[in-house]
Amino acid sequence: MSAETLTLSRAMNEGLRKAMENDPKVLIMGEDVGRLGGVFRVTDGLQKDFGEARVIDTPLAESGIVGTAIGLALRGYRPVCEIQFDGFVFPAFNQITSQLAKMRMRSLGTLELPVVIRIPFGGGIGAVEHHSESPEAYFTHTGGLRVVACSNPADAYTMIQQAIECPDPVIFFEPKRRYWDKAPVDRDLANAAPFDKAVVARPGEDVTVLAYGPMVKTSLEAAQADEGHSIEVIDIRSLNPLDEETVLASVRRTGRCVVVHEAPVFSGYGGELAARITEKCFYHLEAPVLRVGGFSTPYPPSRLEDHYLPDLDRVLDAVDRTFAW
Amino acid sequence: MIVDAARGAPLGTDAQSPPSELVQLLTPEGERVEHPDYDVNLTPDEIKSLYRDLVIVRRIDAEAVALTRQGELGIWASLLGQEAAQIGSARALRTDDMAFPSYREHGVAYCRGVDPLDLLGLFRGVNHAGWDPKEHNFHLYTIVIGSHALHATGYAMGIQRDGTENAAIVYFGDGATSQGDVNEAFVWSAAQNAPVVFFCQNNQWAISEPLEKQSRIPLYRRAEGFGFPGIRVDGNDVFAVQAVTKKALENARSGQGPTLIEAYTYRMGAHTTTDDPTRYRLQAELESWKLKDPIERVKAYLVKNEMADRTFFDAIEAEAKGVGSDLRKRCLELPDPEATAIWENVYATEHPMLADERAGFTSYLESFEEVSR
Ligand SMILES: Cc1ncc(C[n+]2csc(CCOP(=O)(O)OP(=O)(O)O)c2C)c(N)n1
Ligand SMILES: [Mg+2]
């Protein structure tokens with residue numbers, strides 16, 4: 001298969017383009033997604049090629065973006081909404097959690113809302129406040145939403161298409177600091193894992209590191225750097241539903257587990273992973289599941305973000321601690 | 001009615017309007033013109049002082065842009081072109097009025113006595129805001145578009161209940177008028193008759209989106225539907241902006257409720273230093289707005305009326321230059337915060353979990369020092 005090297009941003013762009021070509025009901029909507037092509041250029045050129053009726057530069061109103069996407073979906077469209085930055089999803093919180101998530105159940109299954117909400121998330125780009133947050137737990141906590149995060153260009157290309165095809169609403173997190181990372185992208189969807197499955201990003205024997213989004217790369221670098229232990233890195237990819245099988249099989253084999261995310265550890269997604277693994281792998285565990293993540297504070301000013309964000313050292317520190325148990 | 005389906009707007013409607021709707025007291029050529037409802041009575045010294053403010057904030061802004069280019073700031077939202085809208089309105093405020101800015105109001109900040117250095121912290125990434133809002137009656141910058149319109153309204157409700165003769169003013173952009181929070185603030189302020197002035201700087205663009213993406217009618221006309229007056233002023237005319245804002249503030253203070261002011265202006269620079277406007281707007285538009293420069297017209301007026309000469313302009317230029325280089329120097333000296341600042345000011349009192357995190361992180365950092373020793 002031909003695999004071309006693309007940036008993550010470009011891979012997203014091509015995935016969206018493919019989805020729009022395949023299905024005339026697919027729409028793109030968001031702030032600055034048209035002529036500008038989005039602040040991260042993910043929708044670059046799409047308005048030019050598909051027109052203003054399919055690629056909508058919306059009013060500056062996030063509740064409106066998601067609310068009207070729901071209406072469009074009720075009318076048979078498949079809207080892909082872009083929220084410009086993580087910190088700006090909250091004006092749409094009501095529409096997402098009370099409306100989008102619940103419509104299928106409230107309608108006894110007669111209504112379907114295939115809406116995708118793309119959110120560039122996470123820090124590490126030296127941005128001002130509200131531009132570096134990791135709000136995934138608010139959404140994984142909400143039944144009725146699927147929540148996924150891509151970590152690399154190949155997955156960006158395939159997962160966005162799978163998310164658009166999915167009949168459920170999908171919150172699609174994109175690791176903004178990895179937008180310009182390059183990797184080969186296989187354009188044959190038949191070769192791709194289903195988007196609700198985790199993948200082993202790097203096999204290992206001694207300890208399982210679970211990560212998603214921007215922290216996959218960090219974890220892989222940590223695994224590479226650790227000469228003492230053989231680290232298995234799993235890219236969770238789908239936060240809800242969680243692919244338990246892949247995760248549990250790995251931990252049962254290694255007996256040790258470290259969970260890494262940028263979001264605050266307290267009440268974070270890692271807490272769910274740790275609890276589940278403890279329940280289901282209790283007798284296989286050599287040490288408690290350890291979590292590495294952000295602190296219980298608002299995201300700090302960017303000159304402090306290197307302290308706040310998990311890095312290679314903090315991942316390896318946790319790995320070492322699971323062995324010191 | 002023929003509707004352009006893709007754009008959603010009926011053909012022939014747009015958010016621009018005939019120039020007669022615009023309050024103007026000073027033309028781009030520096031001619032003083034009359035308006036039936038508004039007037040200013042400024043002494044030559046007052047006009048020179050406005051000129052000085054305009055020049056200095058432009059210089060502060062230019063210095064910040066340069067500092068960003070050199071990597072000293074992470075990003076900067078330039079006010080270039082909007083100096084008159086900001087200086088004119090802020091100079092209409094009394095010190096005990098309260099201002100709520102968005103993120104581009106460096107000129108308002110300057111008038112409120114905020115040290116320009118304190119504006120840089122947010123953009124340099126050393127803090128989220130460097131000034132005490134209570135000291136200056138100038139609230140923090142609000143980046144989440146429109147949220148602070150409700151804060152200003154609530155603050156104004158407080159003024160109302162205290163029975164003091166003050167007003168609140170809130171600054172936001174043309175794009176912000178689409179946000180739910182801004183529209184709720186219109187509803188609230190009207191229902192409560194709150195002493196608040198909504199000061200919308202219509203700089204024609206919300207990043208890459210032109211005004212037509214937000215509105216089919218001129219923005220100032222939105223107010224009518226909410227039940228309070230709206231007025232469009234030439235945002236590049238510092239006299240008119242000051243006159244219009246003064247009146248709106250007086251109305252608010254005297255129990256006549258809110259006003260929406262649409263200051264019609266133009267964002268001469270990029271949205272922020274990370275933006276590339278050549279992707280979405282035409283150079284010709286920029287050129288036409290250059291002719292309406294807010295500073296040049298005051299200069300022309302001063303010269304025409306022999307209120308200022310070369311010496312004056314040179315002195316202001318030199319002063320502005322000094323402010324700029326002083327700002328640069330102090331910016332470079334800004335210390336990075338200590339890591340422990342992450343846990344500061346999160347709660348009113350010591351929080352046990354945060355204390356644990358801080359202690360844990362501190363000893364984690366120390367473990368590296370031990371290794372390197
Ligand atoms: C709720 C929210 N959504 C999106 C953004 C991203 N954003 C920052 S500025 C901006 C455009 C604002 O335009 P306008 O209100 O006209 O103000 P201007 O920047 O022109 O002064 C956008 C979309 C944001 N800051 N907050
Ligand atoms: Mg604007």
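What you see below is based on every heavy atom in this structure, not just the backbone, and it leaves out hydrogens, waters and symmetry mates.
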Can you see which heavy atom on [X] is nearest to which on [Y], and at what distance?
| X | Y | result |
| --- | --- | --- |
| A:L60 | B:G175 | CB-O, 3.4 Å |
| A:P91 | B:Q179 | CB-OE1, 4.4 Å |
| B:E357 | A:S296 | OE2-OG, 2.5 Å |
| B:I143 | A:E129 | CD1-CG, 3.8 Å |
| B:E209 | A:E31 | OE2-CA, 3.4 Å |

Non-hydrogen side-chain atoms of A:R35 and B:S208 separated by less than 4.5 Å:
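When only atoms from C-beta onward are counted, B:S208 and A:R35 do not touch, as no gap falls below 4.5 Å.
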A:F90 vs B:V144 side-chain heavy atoms within contact, under 4.5 Å:
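In short, these two side chains do not touch, never coming nearer than 4.5 Å.
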For chain A, which residues from residues 347-354 of chain B lie under 4.5 Å away (heavy-atom distances)?
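At a heavy-atom separation under 4.5 Å, chain A is reached by B:M353, B:L354.
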Looking at A:T58, A:V39, A:V265, which one has more heavy-atom pairs under 4.5 Å with chain B than the rest?
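The candidate making the most pairs under 4.5 Å is A:T58.
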Checking B:R124 against chain A: side chain, backbone, both or neither under 4.5 Å from a heavy atom?
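Its backbone and side chain both get close to chain A.
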Measuring heavy-atom distances to chain A, does B:V346 have an atom under 4.5 Å in its side chain, in its backbone, in both, or in neither?
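Answer is side chain: those atoms of B:V346 sit under 4.5 Å from chain A.
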Candidate pair A:R314 and B:Y364, rule side-chain contact (heavy atoms from CB on, under 4.5 Å), full reasoning:
CA-CA 9 Å; A:R314 268 167 70 195; B:Y364 167 77; 3.1 Å; yes
Considering residues, nucleotides and ligands other than [X], do more than 12 of their heavy atoms fall under 6.0 Å from its [atom1]?
| X | atom1 | answer |
| --- | --- | --- |
| A:F266 | CZ | no |
| B:W188 | CH2 | no |
| B:E184 | CD | yes |
| A:F295 | CZ | yes |
| B:F226 | CZ | yes |
| B:N345 | CG | no |

Salt-bridge contact B:R279-A:D32 (side-chain N to carboxylate O under 4.0 Å):
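Not counted as a salt bridge, because no side-chain N and carboxylate O are separated by less than 4.0 Å.
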Can you measure from CD1 (B:I145) to CD (A:Q84) and round to the nearest 0.5 angstrom?
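With rounding to 0.5 Å, CD1 (B:I145) is 9.0 Å from CD (A:Q84).
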Taking atom CD1 of B:I75 and atom NE2 of A:H131, what is their separation to the nearest 0.5 Å?
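B:I75 CD1 to A:H131 NE2: 6.5 Å, rounded to 0.5 Å.
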Quick check: under 4.5 Å, non-hydrogen atoms only, which of residues 297-309 of chain A neighbour chain B?
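Expected list: A:T297, A:P298, A:Y299, A:P300, A:P301, A:S302, A:R303, A:L304, A:H307, A:Y308.
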Can A:V128 and B:Y141 be said to form a side-chain contact (heavy atoms from CB on, under 4.5 Å), step by step?
CA-CA 11 Å; A:V128 292; B:Y141 277 1; over 6 Å; no
Does any heavy atom of chain B fall under 4.5 Å from the side chain of A:F88, the backbone, both, or neither of them?
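For A:F88, the contact with chain B is made by the side chain alone.
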A:Q47 portion near chain B, given a 4.5 angstrom heavy-atom threshold:
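No part of A:Q47 comes within 4.5 Å of chain B.
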